[in-house]
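Start at 1 with the first residue, then count along the sequence.
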Amino acid sequence: QGVCGSLFAELWSNDDMGFPTPQGCYYGRAYRYLNTAAILREVFVKFGKGAGLKHICQSGGSPVKCEYQIVVNARLGSIQLGDRLVDIDTSCATCASSLGVWERGRAR
């Protein structure tokens, strides 16, 4: 979990139980995006079985649509307003139907 602490400054959820505790975090090698100056790195957060992100949370004891906020520690070079900075994809590595991305979010 030390890697999670170095990658993320804050993990928040509107769920009464809070943000699910990651089982671990890891990241891949840095690589250059196509033929640009952009350097990319994939970051992975692993949750234990049945302890991951949800669609329906409890807030004040009532069912609500889950909201998650993730604050990433990153070193940025030159960026401009509207630049795409982070893509977040959710998937299930152990599910029989884990052939792709379930949801995708983009941060600018």
Side-chain angles (χ1 to χ4, degrees):
Q1 291 206 359
V3 173
C4 294
S6 68
L7 293 172
F8 305 108
E10 183 178 351
L11 301 171
W12 177 89
S13 172
N14 64 335
D15 191 19
D16 289 341
M17 299 296 291
F19 196 95
T21 303
Q23 188 175 29
C25 299
Y26 60 99
Y27 53 90
R29 297 181 62 177
Y31 60 92
R32 192 167 302 282
Y33 181 67
L34 300 175
N35 289 319
T36 69
I39 303 293
L40 303 180
R41 176 168 282 182
E42 294 178 314
V43 175
F44 302 88
V45 180
K46 182 177 181 181
F47 296 100
K49 186 174 182 177
L53 304 178
K54 305 182 281 188
H55 289 284
I56 302 297
C57 289
Q58 295 289 317
S59 181
S62 298
V64 296
K65 183 178 176 183
C66 294
E67 296 178 19
Y68 295 102
Q69 295 180 15
I70 300 171
V71 179
V72 179
N73 285 319
R75 185 178 326 149
L76 299 176
S78 175
I79 62 170
Q80 298 196 12
L81 186 63
D83 282 354
R84 192 165 114 200
L85 303 177
V86 176
D87 287 349
I88 298 176
D89 298 336
T90 60
S91 62
C92 178
T94 60
C95 296
S97 61
S98 64
L99 299 176
V101 172
W102 289 1
E103 293 183 86
R104 173 167 285 153
R106 292 201 165 126
R108 294 182 185 270

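Residues D16 and S59 come closest through the heavy atom pair OD1-CA, 3.3 Å. Here the shortest heavy-atom pairing between P20 and G52 reads CG-O, 3.7 Å.
Note on V45: it clusters hydrophobically with Y27, by side-chain heavy-atom contacts below 4.5 Å among ILVMFWY residues.
With sequence neighbours left out, A9 forms a side-chain contact (heavy atoms from CB on, under 4.5 Å) with V71, N73. Partners of R32 under the side-chain contact (heavy atoms from CB on, under 4.5 Å) rule, at least two apart in sequence or in another chain, are A37, I39. Listed by chain and residue number, W12 satisfy the side-chain contact (heavy atoms from CB on, under 4.5 Å) test with Q69 (two or more places apart in sequence, or in another chain).
Grouped by direct or indirect side-chain proximity (heavy atoms under 4.5 Å, Ile/Leu/Val/Met/Phe/Trp/Tyr only), L40 sits with Y31, Y33, L34.
Sorted by first and then second residue, the pairs that involve residues 35-82 and meet ring-ring contact (aromatic ring centres under 6.0 Å, His included), not counting sequence neighbours, are F19-Y68, Y26-F44. A salt bridge (charged side-chain N to carboxylate O under 4.0 Å, His left out) check over residues 36-58, counting only residues at least two apart or in different chains, returns the pairs D15-K54.
A heavy-atom distance below 4.5 Å is not found between the side chains of C4 and L11. P22 is not listed as a side-chain neighbour of F8, based on a closest heavy-atom distance of 4.5 Å or more.
In this structure, NZ on K65 lies 11.0 Å from SG on C57, to the nearest 0.5 angstrom. Here L53 contributes atom CG and T90 contributes atom OG1; the two are 7.0 Å apart, rounded to the nearest 0.5 Å.
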